[in-house]
Amino acid sequence: MSNLPWGNSKILTDEEFFNRTQEISNLTNLLQSTSENNAPDILVTGIRGVGKTVLLNKIKQFMDKNYLVVYMDFSTSQSYQKNNMSLKGLYDFYYQKIIEETKLKGLNTLDAHIKKFFKTNNFKLKEVVVASALDISIPIPIIGAERDLEKYKDFVFRLPQEIYEHNKDKIDGLIIIIDEFQVVKELNNYLDSFLWNFRGYVTEQRNVAYVLSGSMGLQDNLISEIAGHNGAFGGRMLTININPFSKQTTSNYLNERAPELKFTSEGFDRFYKCTSGVPYYINTFARQLPVNEELDGNKVVEAFDNNISLIGSHLINEWNRLTLKEKDLVIALIDSPLKRVDLARKLNVKSGSLSDKLNKLQNLDLIHFTNGEYEISEKLLKRWLEIEYSQKGIYPYRV
Ligand SMILES: Nc1ncnc2c1ncn2[C@@H]1O[C@H](COP(=O)(O)OP(=O)(O)O)[C@@H](O)[C@H]1O
Ligand SMILES: [Mg+2]
């Protein structure tokens, strides 16, 4: 087994983190303008496993010295975890994360200001522990009326700039990184108004940079809803797409970090094909390969097929959360991409009844729509389904 990082590590050491020098210098350069009252808003896109989260955490390390950098992952918010996405839940989470980081950095958290705000609005409060090890807890309002929610929203979204105003002798600005931003899609009917509202605050804050990120394929509608010309941020948001490692980068990476893997040239070609250059797959798969023995094409393919449920475990998790009908839909696309009418015919249902399911699968980036046809996005998921079928004679509806 080689010495590469695990696929689920979120923070890599400098020894583990490879390359991305261009992306790091782009991002840090853009973010530096925050100190000149000209904070940028950036969207970092890229498929799952490509390395967005580890990159953002590196950026945090780089910028931490002069800025208050808040990293938050929307998918860890309680309201998302409990399958109960709501505006209030997101505001709470946002507010907690900002206060937590501000306290950790020993800055003025405006406690008095916050208390006063809650008091003037007669909010009932509950204490929420944000970092038990550090004994940090903060008050969160219990909201009844719609009008109160509006006020709370205003307070929460203005907080970052306020924090800057009260700490400008100590920091050059704030950088708010929101990872797994795509989970806001689960706000459904509230999504549009959330994005437009959020934008209103974000664009007026000259000392707070926002970096939104998440696993979004390039076709994802959310990207155009955020950064497209008619999207919430109009042309104002800069988009940076993180690409998989090229074949050359992958080869350099393995030669340097895992020299004990002895690929033949054909073996390496197969390895690159299997992983598509996605660092998550590269690391997870490479860790399963036998060391100091010649790895030719056949050996690589065999090892890949034998370990596919491990390499694709995050996809299989997604798969398990799908309903029976959603699974049917994915399975119907294994042999070839299909037009919607043909898909409906294959499943023996009305075309209109597919909308919600297709949307959900697209939101999860499990399928995408190109040239009028639906197609499975994740080759690995497809391969896993094929292998399961060939071994068991039935598709894995329950794993
Ligand atoms: N620059 C890198 N160097 C080495 N390994 C990386 C790099 N980027 C990503 N990885 C590997 O891929 C895994 C997934 O990265 P992550 O940032 O979580 O992807 P994403 O957020 O895009 O889904 C990491 O845990 C790590 O094993
Ligand atoms: Mg991530």
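For the numbers below, each heavy atom of this structure counts, side chains included, while hydrogens, waters and symmetry mates do not. Residue numbers start at 1 and run along the sequence shown. What you see is a predicted model; the values in this text were computed from it and never measured. Each ligand, and each atom within it, is numbered from 1 in the order the structure gives.
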Asn197 side chain to Lys153 side chain, donor-acceptor N/O pair below 3.5 angstrom
yes
Assess, by modelled atom type and distance only, whether the side chains of Asn57 and Gln61 contain a donor and an acceptor separated by less than 3.5 Å.
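Distance-only check fails for Asn57 and Gln61.
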Interatomic spacing from NZ in Lys185 to CG in Asn363 - rounded to 0.5 Å
4.0 Å
What's the spacing between Ile140 CD1 and Gln96 CD if we round to 0.5 Å?
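If we round to the nearest 0.5 Å, Ile140:CD1 and Gln96:CD are 4.0 Å apart.
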Please collect all salt bridge (Lys or Arg N to Asp or Glu O under 4.0 Å) contacts where either partner lies in residues 331-342, sequence neighbours excluded, each pair once.
Asp342-Arg345
According to the salt bridge (Lys or Arg N to Asp or Glu O under 4.0 Å) rule, which pairs have a member within residues 170-182, sequence neighbours left out?
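Those involving residues 170-182 do not exist here.
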Quick check: are there more than 12 heavy atoms from other residues, nucleotides or ligands sitting under 6.0 Å from [atom1] of [X]?
{"X": "Asn371", "atom1": "CG", "result": "no"}
{"X": "Gln78", "atom1": "CD", "result": "no"}
{"X": "Phe62", "atom1": "CZ", "result": "no"}

List of N/O pairs, ligand 1 versus protein, all under 3.5 Å?
from, atom 1, to, atom 2, distance (Å)
ligand 1, 1 (N), Phe18, O, 2.9
ligand 1, 3 (N), Phe18, N, 2.9
ligand 1, 5 (N), Asn283, ND2, 3.3
ligand 1, 12 (O), Tyr280, N, 3.2
ligand 1, 17 (O), Lys52, N, 3.4
ligand 1, 17 (O), Thr53, N, 3.0
ligand 1, 17 (O), Val54, N, 2.9
ligand 1, 18 (O), Lys10, NZ, 3.4
ligand 1, 19 (O), Gly51, N, 3.1
ligand 1, 21 (O), Thr53, N, 2.9
ligand 1, 21 (O), Thr53, OG1, 2.8
ligand 1, 22 (O), Val50, N, 3.3
ligand 1, 22 (O), Gly51, N, 3.0
ligand 1, 22 (O), Lys52, N, 2.8
ligand 1, 22 (O), Lys52, NZ, 2.7
ligand 1, 23 (O), Gly49, N, 2.7
ligand 1, 25 (O), Trp6, O, 3.2
ligand 1, 25 (O), Gly7, O, 3.0
ligand 1, 25 (O), Ser9, N, 3.3
ligand 1, 25 (O), Ser9, O, 2.7
ligand 1, 27 (O), Trp6, O, 2.7
ligand 1, 27 (O), Asn283, ND2, 2.8

What number of protein N, O or S atoms occur at distances under 2.8 Å from the Mg ion (ligand 2)?
1
